[in-house]
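Below, chains carry the letters A, B, ... as their sequence lines are ordered, and counting in each starts from 1.
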Amino acid sequence: MTSYRPHPRWAPWAFIAPFVVLFAVFTAWPLLRSLQLAFEQTYGPQTTVFVGLKNFRYLATDPLFWHAVTNTLQFTLWTVGLQVPVALCLALLLNRPNLRGRAGFRLIFFSPSLVGLVFVAMLFLPMFEKRTGLVNIWLHALWPAWSLDFPWFETYTMTALVLAAVWTGAGLMMVYFLAALQHVPAELLEAAQMDGAGPLQRFWHVVLPEIRPVLGLMSLLSFVGCMQLFELSYLMLGDSGSAGGRGFSIVMYLYQMGFTTGDLGYASAIGWVLALFLMAIAFLQRRLARRQLED
Amino acid sequence: MRRRLTLAVVYALLVLFAGLMLTPFAFMLASTLKTKADFVNTLFLPDGDGWLGVGWDRLTLANYRRLFVELPMARALLNSAFLASVGSIFATLFSAMGGYALSKFEFRGREALIRLVLGALIIPAPLLIAPGFQNLWKLGLLDTYTGLIMPGLAPAFGVFLFRQAMLNAVPSELIDAARIDGAGEFRIFFTLVFPLVRPMVGAFLMITFLGVWNDFLTPQVVLQSPDRYPLSTTLAMLRNLDWNDYGLVLAGTLVSIAPVMCLFLLLQREFISGLTSGAVKG
C-alpha cells in the first residue's frame, strides 16, 4: 500500500483555466449575446433596436433566404451523396490484402483534404473556364458533341461546386472508412466465405453492418460541413454566387447581411435557424444510430 | 487466373482515381510556369523540341517573380506562418491542459465542465460569425492579431480529444508516484503526461495548424489592413485585382498550398493515426 498523496486543490483549476476563460469570453458570452441580437435590428455593431420576433417572422417569408436554403440543401445532398460512395469505393479498393503501394495511393487520395476551401476555389476556377478550362477540353475530347463553351459558372454552377467539394473531401472520409474496414473481424469474413457467401453478399451482410457507425458519423459530419457552404461559392462564382444567384448559400446570406448590409441582428437570426436545424439533424442521426446498435 | 484479373482491375481503378485526384495539382503547377499566351493555347506544358517534346525554354518564372516582387505574397506567407504556428501551439497546449484536468483530477464542477465541453462540440461555426464580430468590436480587438487568434485558442474539440487520449494512455498510478516523489504539478504535466500523449499532440498540432492556415472567413471578418492579411485573404484580394491572370492566381495558390503539403509529408503517419484514433472505436 503506497501512501496516497492528494493533489493540491488549485491544480485542476490551473489546468482548465485557459480553456474556461477563453471559452467564456469568446464563445459563451457572444453566444448569449447572439440570443439577444437575434431579436434586435442593428446598423453596424453600434446601434441596436429591439424588434422582438420581427427578424424571424421576416425570415420565414424572405424569398432570398429560401432561395439560399434550397441552393445549400441541393449542394449538400449532392455532395454527401457522391462523397460517401466515392470514399467507400476508394477504401474498399485500398483494403484488398497484399495490395502494393497502399501507402502511396492513400497519400494521393488524401492530399486534396489538406487544401483549404479558398485554395480549392482558386484551383477549380480556371479548370471550369470556357475554352481554356481543362474540364471542357477533356470532355470535348472524350465526346466531341460536348461544347467547349459549356457554361459551368453561369448555368451548371451547382455541379461545379459539388465536383470541387467531392474532390477535396473524399480522401479524408476514405481514411476513416479504411480504418473502419481494417477493424472488421477477419473471422467473420472467413466464416461467411465458408458458408459460401460471394463478395457482394459478404460486403452487404458482414462488412456494411460492421462499418455502419462510421458511415453514419461521417455522413453526418459531411452534411453539417456542406450546409455551411461559403468559401467555394464566394470565391469561385463571383456574380452568380452573390444575392439571388445560383450558388447563393445560407452562410453567404448571413455574411452579406452582417457585413455588407450591416444588420448583425438579422444575421444572428439566420445563424440561429441554421444552427438549430443542424443540431436537430445531428440529434436525429445519433438517435437512429443508437437504435440500430441496439437492434 | 481470376484472382490476377481482379487485381489488375483494382490497380487500373486505383491508377485512374489517383490520376483524377492529381490532375488539378498538375494543371496548377504547369499553369504557373507558362506565359499568358501559352496558358490559353496549351493544356499542360507547351509543345517544343526539348526533352520529351516539351518546350522547356518557353517556361517562365515570371508569375512567381510578380508575386514576390510586386505583390505582398512574401508578407502574407510570413503572416500565415506566424498565425498558424502561434495558434496551433497554444491551442494544443490549452487543449492538453484542459483534457488533463478533466481526465486525471477529481474536483467539484468536473462533471459540469465535461458536459459543457460536450455541448460546445455541436456549436456550428456560422452561429458565432455575427456575435463574435460584435464581441471583438466591443473589446477593441478588430483588425488585430489578438482578436484573430484568441477565439480559436480553446477548442472544445481539442479538450475532448485530449481527455479521451489521457484516459487511455496515462496511468493514474504514475502521476501519484511522481507526486510522492515530490514533483510539482506542472512538472508532472510537462515531463510525464505530455510525452505519453505525444501522437495526439502531433496530430492536433497539425489539425489546428491546417485550420488556421486554411481559414478564410475569420480573417476576412476580423482584419481590415491588407498588410496583416494571411494567404487566404491575400489570394482573394489578388483574384479581384487581376481577375483573368490565372497563371498568377494559380502561382499564388501553389505557394499557399505547398508549405502545408510538405509539413504533412513529414508528419503524415502521426497525423493519420491521430485523426482516426477516436472515431473508429467511438
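Only the side chain of A/Leu274 has a heavy atom closer than 4.5 Å to any heavy atom of chain B. Both the backbone and the side chain of A/Phe19 come within contact range of chain B, judged by heavy atoms closer than 4.5 Å. The contact between A/Leu254 and chain B is made entirely by side chain atoms (from C-beta outward), counting heavy-atom distances below 4.5 Å. Neither the backbone nor the side chain of B/Leu263 comes within contact range of chain A, judged by heavy atoms closer than 4.5 Å. Only the side chain of A/Ile137 comes within contact range of chain B, with at least one heavy atom under 4.5 Å from a heavy atom of that chain. With a threshold of 4.5 angstrom between heavy atoms, A/Ala275 approaches chain B through its backbone and through its side chain. At a 4.5 Å heavy-atom cutoff, the contact between A/Arg106 and chain B is made by side-chain atoms alone. When heavy atoms are compared at a cutoff of 4.5 Å, B/Asn214 approaches chain A by way of both its backbone and its side chain. Both the backbone and the side chain of A/Val115 come within contact range of chain B, each with at least one heavy atom under 4.5 Å from a heavy atom of that chain. At a 4.5 Å heavy-atom cutoff, A/Ile211 makes no contact with chain B through either its backbone or its side chain. Of the atoms belonging to A/Ala121, not a single heavy atom falls under 4.5 Å from chain B. Using a 4.5 Å cut-off between heavy atoms, B/Leu254 makes no contact with chain A at all. In this structure, no portion of B/Ile175 lies under 4.5 Å from any heavy atom of chain A. Interface remark: A/Met279 contributes side-chain atoms only to the contact with chain B (heavy atom separation under 4.5 Å). Interface residue B/Leu217: backbone and side-chain heavy atoms are both found under 4.5 Å from chain A. Residue B/Ala177: no heavy atom, backbone or side chain, is found under 4.5 Å from chain A. Using a 4.5 Å cut-off between heavy atoms, B/Phe264 touches chain A through its side chain atoms alone. Only the side chain of B/Val221 comes within contact range of chain A, judged by heavy atoms closer than 4.5 Å. The contact between B/Leu14 and chain A is made by backbone and side chain atoms together, counting heavy-atom distances below 4.5 Å. With a 4.5 angstrom heavy-atom cutoff, A/Val25 touches chain B via backbone and side-chain atoms both. With a threshold of 4.5 angstrom between heavy atoms, B/Glu173 does not approach chain A through any atom at all. For B/Val159, the part sitting under 4.5 Å from any heavy atom of chain A is the side chain, from C-beta outward, and nothing else. Heavy atoms closer than 4.5 Å to chain B are found in both the backbone and the side chain of A/Leu134. Contact annotation for B/Ile188: neither backbone nor side-chain heavy atoms come within less than 4.5 Å of a heavy atom of chain A. For chain A, the nearby parts of B/Leu153 are the backbone and the side chain; heavy atoms of each come within less than 4.5 Å. Contact of B/Leu93 with chain A is not made at all, since no heavy-atom distance falls under 4.5 Å.
Contact tally against chain B (heavy-atom pairs below 4.5 Å) for A/Pro112, A/Gly271, A/Pro18, A/Gly171: the top residue is A/Pro18. Ranking B/Leu235, B/Ile122, B/Val260, B/Val9 against chain A, the residue ahead of the rest is B/Leu235, based on heavy-atom pairs under 4.5 Å. Your options are B/Leu265, B/Leu20, B/Thr23, B/Thr6, and the one with the most heavy-atom pairs under 4.5 Å with chain A is B/Thr23. Contact tally against chain B (heavy-atom pairs below 4.5 Å) for A/Leu117, A/Val118, A/Leu114: the top residue is A/Leu114. When the candidates A/Gly116, A/Pro12, A/Ala14 are compared by the number of heavy-atom contacts under 4.5 Å with chain B, A/Pro12 comes out ahead. Chain A forms the most heavy-atom pairs under 4.5 Å with one residue out of B/Phe186, B/Phe107, B/Phe94, B/Phe189, and that residue is B/Phe107. Put simply, of A/Leu32, A/Val20, A/Leu99, A/Asn98, the one with the most heavy-atom pairs under 4.5 Å next to chain B is A/Leu99. Among B/Pro24, B/Gly132, B/Ala18, B/Ser31, the residue with the largest count of heavy-atom pairs under 4.5 Å with chain A is B/Pro24.
Ring pair A/Tyr255/A/Phe230 is tilted by interplanar angle, where 30° to 60° counts as tilted. Ring geometry, B/Phe194 versus B/Phe190: the interplanar angle falls from 30° to 60°, so the pair is classed tilted. Relative orientation of the A/Phe15 and B/Tyr100 rings is perpendicular, given thresholds of 30° and 60° on the angle between their planes.
Under the 6.0 Å cut-off for aromatic ring centres, A/Phe259 and B/Trp137 do not qualify, their centroids lying 6.0 Å or more apart.
Annotation for A/Arg96: atom CZ counts as buried by contact number, over 12 foreign heavy atoms lying within 6.0 Å.
Between A/Tyr234 and A/Met252 the shortest side-chain heavy-atom distance falls below 4.5 Å.
Considering every non-hydrogen atom in both B/Trp213 and B/Ala84, the closest pair reads CE3-CB, 4.1 Å. Considering all non-hydrogen atoms of both residues, B/Thr253 and A/Met122 come closest at OG1-CB, 3.3 Å. The shortest heavy-atom contact between B/Arg239 and A/Leu125 is NE-CD2, 3.5 Å.
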